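Input: a single structure, listed below in structure tokens.
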Amino acid sequence: MKTRTRFAPSPTGYMHIGNLRTALYEYLIAKASGGDFILRIEDTDQKRYVEGATEIIYNTLKTVGMNWDEGPDIGGNFGPYVQSERKDLYAPYAHKLVELGGAHYCFCGEREEQYDEDGNEIICKFEDPCKKIPLEEAKKRVASGEPYVIRQTINKTGKSKYEDKVYGIIEIDYDELDEGVLLKSDGFPTYNFANVIDDHLMEITHVVRGNEYLPSTPKYNLMYDTFGWQRPVYVHLPTVMKDAQHKLSKRNGDASFQDLVAKGYLPEAIINYIALLGWNPGTEEEIFSIKELEKIFSVDRLNKSPAIFDIVKLTWMNGVYIRSLEATKFHELALPYYKDVPSNVDMQALSSVLQPRIETLAQISEQVDFIISVPNYGAELYINKKMKTDVDVAKGILPEIKSVLQQQKEWTNESLFESLKSLAEKLGVKNGQVLYPARIALSGKETTPGGATEIAVILGKEETLKRIEQAIAKLA
RNA sequence: GGUCCCAUCGUCUAAUGGUUAGGACAUCACCCUUUCACGGUGGUAAUAUGGGUUCGAAUCCCGUUGGGAUCACCA
């Protein structure tokens, strides 16, 4: 049978990293066996609906390359794929479940307190008195227009048992299960019900979701069993944590996918990183494209303990991706970050020095400041023990550098380096005694991306000479 | 609190009864080098704890401790 998995987010306007990882594993489980990946929007809670949220979901999935085979926008044989459009479909199943004895009508409403004959408080979800109302009577009350919900009926004896692909056998006493609401008084299903109906109707073979559903899964199994439907394969995923105590969450202000992208992380790197948060290939390789993951992914290698999201490692991995980019591609991605850079600057050259030095695109801004304008600096910047330079060395060498550069015909890194190196030889000084002062004069910074000659190339001849002259004037 | 789940370097993880407990990030040192990066080499660093079972336990069992999840007309 063809594997079918589904990603079923609710449109809250935010693509959480944990959700993205769940989607990724759902996608990979399907694709690893040539199956289908389905997108379903779960918007039964109208209060939480956020405008534009579905677009964020579409865009995120598209930019990371998780293409869905069926979904609200492209349709499919099992639509509609938005739960609110499926509204009318659930109630008949709920009523049918009542007929089958798996659920009952409850008229308690939202009234606060009820007590039985012994004065004990009645809590419907635990043991609903309404389930004792004869079915015929309950149906009459429903027909007469009395408000009601449909609650799951649970026989509180015995133990439930099921197998999860990552956690193994899970056993829970039926007594622990709540008689929860399946169909709300507004006629909408709750997640607990809609999810079972939809997964069955859409022929989902593998239900993949966060492990917070581990304890409620027996309730879903009861429904599958009562309807006589085959239970899906369960794959419950461990939580993605922010630290040892807290899960990653919107409430804590933790980064979403879009936040990370805005900070200059590449979608490919994000996907690669989160794929490894709770899964490993069994080899020592760790750089994978989503296409490669599709080939090697296997549920067996999913981990069951929670994993802490480590931005430091993601950042390293992002650096790996940035470095492996084609130079032209990198330049294209870097361009938006050059908006304050003067147009006479050689931006291609800038990109080539930046590419091996940054780990996120946002770091470009910090690296590029001195290109825009020379920061204020004191003469003591020329003092460097290792390079054997000080203010006097700089005073002596800068005019020499100026005249060499003025005569320089070919303005490339190699030829500039050659020229300055032979200047050092001619004067009998160390290379650093020429190059270090030159870099300070050109950048006003102790450390820069690239060396003096690379900066000169980026700046161009005119600006380079201008900066050297300014530095000489400053020292005079 | 009841129930369920989890537990290997700081972090992500490998090792499914026999390994000097391996790799990656981070960190430290050194090398390379016109600074900074990149790259290279090496180091520090882990089986939470107490009992079993076994010739042998990170691995299997029980307890303890620690952590997480769940107990809505939210998903």
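Just so it is clear, the model here is predicted, and its values are computed rather than measured. Every chain is numbered from 1 and lettered A, B, ... according to where its sequence line falls, protein lines coming before strand lines.
A salt bridge links R40(A) and D199(A); the closest N-O separation between the charged side-chain nitrogens and carboxylate oxygens is under 4.0 Å. Ion pair D369(A)/K445(A) flagged as a salt bridge, since at least one NZ, NE, NH1 or NH2 atom sits closer than 4.0 Å to an Asp/Glu carboxylate oxygen. Salt-bridge formation is detected for the pair R141(A)/E146(A): a Lys NZ or Arg NE/NH1/NH2 atom is positioned less than 4.0 Å from an Asp or Glu carboxylate oxygen. Taking a cutoff of 4.0 Å between a charged side-chain nitrogen and a carboxylate oxygen, E463(A) and R467(A) qualify as a salt bridge.
K313(A) contributes a side-chain N or O that forms a donor-acceptor pair with the base of rA24(B) under 3.5 Å. Contact annotation: side chain of T448(A) to base of rC36(B), donor-acceptor pair absent below 3.5 Å. Counting atom types as modelled, R357(A) pairs no side-chain N or O with a base atom of rC38(B) as donor and acceptor under 3.5 Å. For a distance-only test at 3.5 Å, the side chain of Y213(A) qualifies as a donor-acceptor partner of the base of rA75(B). At a cut-off of 3.5 angstrom, counting only N and O atoms as typed in the model, there is no donor on one side facing an acceptor on the other between the side-chain of S216(A) and the base of rU70(B).
Using a 4.0 Å heavy-atom criterion, one finds that D178(A) contacts the sugar-phosphate atoms exclusively. If you check every strand for non-hydrogen atoms under 4.0 Å, T453(A) touches a base. Residue contacts for N318(A): at a heavy-atom cut-off of 4.0 Å it reaches no nucleic acid atom on any strand shown. Heavy atoms of Y436(A) sit nowhere under 4.0 angstrom from any nucleic acid atom. Heavy atoms of K247(A) sit under 4.0 angstrom from primed sugar atoms or phosphate atoms, though from no base atom. Within 4.0 Å of I170(A), counting heavy atoms only, lie sugar-phosphate atoms of the nucleic acid but no base atom. Residue-level contact check: F417(A) touches the bases, meaning some heavy atom is under 4.0 Å from a base atom. Across all strands shown, A244(A) has heavy atoms under 4.0 Å from sugar-phosphate atoms exclusively, and none from any base. Among the heavy atoms of the strands lying under 4.0 Å from V149(A) is at least one base atom, whether or not backbone atoms are also near. The residue Q367(A) sits apart from the nucleic acid: no heavy atom pair falls under 4.0 Å.
Distance check on atom C1': rU49(B) versus rU44(B) gives 25 Å, rounded to whole Å.
Side-chain proximity of Q245(A) to the nucleotides rC73(B), rC25(B), rG68(B) is greatest for rG68(B). For N192(A), taking side-chain heavy atoms from C-beta onward, the closest of the listed nucleotides rU34(B), rA75(B), rA24(B) is rA75(B).
Applying the side-chain hydrogen bond (donor to acceptor under 3.5 Å, both in side chains) definition to pairs two or more places apart or across chains, none involves residues 385-398 of chain A.
Phosphate proximity of rA75(B) to K184(A): present, with a side-chain N or O under 4.0 Å from OP1 or OP2. Not one side-chain nitrogen or oxygen of N413(A) sits closer than 4.0 Å to the OP1 or OP2 atom of rU34(B). Between rA69(B) and N211(A), no contact under 4.0 Å exists linking OP1 or OP2 to a side-chain N or O. Residue R323(A) has a polar side-chain atom (N or O) positioned under 4.0 Å from OP1 or OP2 of rG39(B). Under 4.0 angstrom from either OP1 or OP2 of rC12(B) there lies no side-chain N or O belonging to R21(A).
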